Amino acid sequence: MQTNMPDIADTAPALQTGKLDWVGMGEIELPFIFESRDLSPVTVNAKARAFVNLHKEDAKGIHMSRLFLALDLLSTEQQVNPQTIAQALDTFITSHEGLSDKAQIEFKFELPLRRKSLLSGKAGWKSYPVVLTSTIENNIISYELTVDVTYSSTCPCSAALARQLIQNAFNEKFNQETLSQKDVHEWLGTTQGIVATPHSQRSIANVKVKLDSNIQEFDVVTLINTLEAELKTPVQAAVKREDEQEFARLNGQNLMFCEDAARKIKALLETDNYSDYWLQINHYESLHAHDAVAIAVKGIEGGYKA
Ligand SMILES: Nc1nc2c(ncn2[C@@H]2O[C@H](COP(=O)(O)OP(=O)(O)OP(=O)(O)O)[C@@H](O)[C@H]2O)c(=O)[nH]1
């Protein structure tokens, strides 16, 4: 190995002096084993971002390789949990003595979960996009967890309009005083009986929560499960006809504007007592070519902004 290689991060003058909020690397490819409550440790293929601040105004730069190697240790010799992330953040700062006093790691990955069908007892995989951001500042660690939950939303306005058309069709078809239950039952089973159907759409709830600084373990599954239970119509993995029929019933009984979904999730996050949260509901409309969107935050001072 060649000795006396120039090390400009340490020796060269900065072109322009000044403090920087974050310096580091993005899109780092990082497979690791993720630990979370109620989940067997699972290998995920993350994209990482790793940062420190640069508060020494005349330093040329930070030492990227030190951040990269601390992350690599997390990937190859450890499993990812709050304790190992805290160690990596600590290494980021101790390896930048005099340069940095804040550090941040962001992991973006898909978490595969086994999901049960609604009625048939089958199961299948569903992947959930997760972003886990961990920051240390003034020796205090904060964790933010973002998950995306995909669900189906049926438009309440469209449902009411469809019902009116069904009523009109009924009046036209059955104008006599006494009705035959058999005839009505048969007619309801035809396309003319249910002459209109409301539109529904694939929808995504993006939910970010701030976790307690002292958590001993992550708990992504509970957050996803409670969001899906509240929305009631998460997209399904394994589906037999009985599951599809139950899904149709759930959609019909949980008609939602994006405002309804946003209010439901907001109330849930309030009940679950998160110190802060941000949510965005996206209904990818099938009536319009544009989307319906609702955003809400807890609204605390210095907290997330809508
Ligand atoms: N600071 C900084 N480094 C960069 C940038 N782009 C590439 N690098 C490279 O990141 C590499 C690693 O930097 P260091 O961590 O200082 O590497 P090193 O000097 O071998 O490691 P130490 O001996 O631990 O300081 C260097 O080869 C830099 O050229 C950049 O925009 N800023």
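Keep in mind that what you see is a predicted model, and the values were worked out from it rather than measured. Whatever order the structure lists them in is the order used to number ligands and atoms, beginning at 1.
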**Q** Which option out of His63, Met25, Met64 puts a heavy atom nearest to atom 2 (C) of ligand 1?
**A**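 When every heavy atom of His63, Met25, Met64 is considered, Met64 comes closest to atom 2 (C) of ligand 1.
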**Q** Looking at Arg37 and Asp219, is there a salt bridge between them, counting it only when a charged N and a carboxylate O are closer than 4.0 Å?
**A**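 So Asp219 pairs with Arg37 through a salt bridge.
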**Q** Among protein heavy atoms, which sits nearest to atom 18 (P) of ligand 1, and what does the distance come to when rounded to 0.1 Å?
**A**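 The protein heavy atom lying closest is Ser65 OG, 4.0 Å.
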**Q** For Asp58, is there an ion pair with Lys56 - N to carboxylate O distance below 4.0 angstrom?
**A**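 Here Lys56 pairs with Asp58 in a salt bridge, since their nearest N and O are under 4.0 Å apart.
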**Q** Quick one: look up the protein heavy atom nearest atom 23 (O) of ligand 1 and list residue, atom name and how far away it is.
**A**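 The closest heavy atom on the protein side is Arg66 NH2, 4.0 Å.
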**Q** Does atom 30 (C) of ligand 1 have a protein heavy-atom neighbour under 4.0 Å away?
**A**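 For atom 30 (C) of ligand 1 the answer is yes, since some protein heavy atom falls inside 4.0 Å.
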**Q** Among all the protein's heavy atoms, is there at least one whose distance to atom 25 (O) of ligand 1 comes out below 4.0 Å?
**A**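 When distances to the protein are checked, atom 25 (O) of ligand 1 has a heavy atom within 4.0 Å.
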**Q** Counting from 1, what ligand 1 atoms have a heavy atom of Asp7 closer than 4.0 Å?
**A**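 Heavy-atom distances to Asp7 below 4.0 Å select 19 (O).
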**Q** Check this for me, if you would: do Arg249 and Glu246 make a salt bridge, where the nitrogen-to-carboxylate-oxygen distance has to be below 4.0 angstrom?
**A**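 Glu246 and Arg249: salt-bridged.
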**Q** Taking the cut-offs as 6.0 angstrom to the six-membered ring centre and 45 degrees off its axis, would you call Lys208 and Tyr304 a cation-pi pair?
**A**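 That pair qualifies as a cation-pi contact.
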**Q** Please check if a non-hydrogen protein atom sits closer than 4.0 Å to atom 7 (C) of ligand 1.
**A**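 Protein heavy atom within 4.0 Å of atom 7 (C) of ligand 1: absent.
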**Q** Where is the tightest heavy-atom contact between Lys116 and Gln236, given as atom of each residue plus distance?
**A**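 Minimum heavy-atom separation between Lys116 and Gln236: O-OE1, 4.1 Å.
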**Q** Regarding Lys240 and Glu244, does a basic nitrogen lie under 4.0 Å from an acidic carboxylate oxygen?
**A**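 Salt bridge between Lys240 and Glu244, a charged N being under 4.0 Å from a carboxylate O: no.
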**Q** Going by the order shown, which atoms of ligand 1 are within less than 4.0 Å of some heavy atom of Ile62?
**A**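 With Ile62 as reference, the close atoms of ligand 1 come out as 1 (N).
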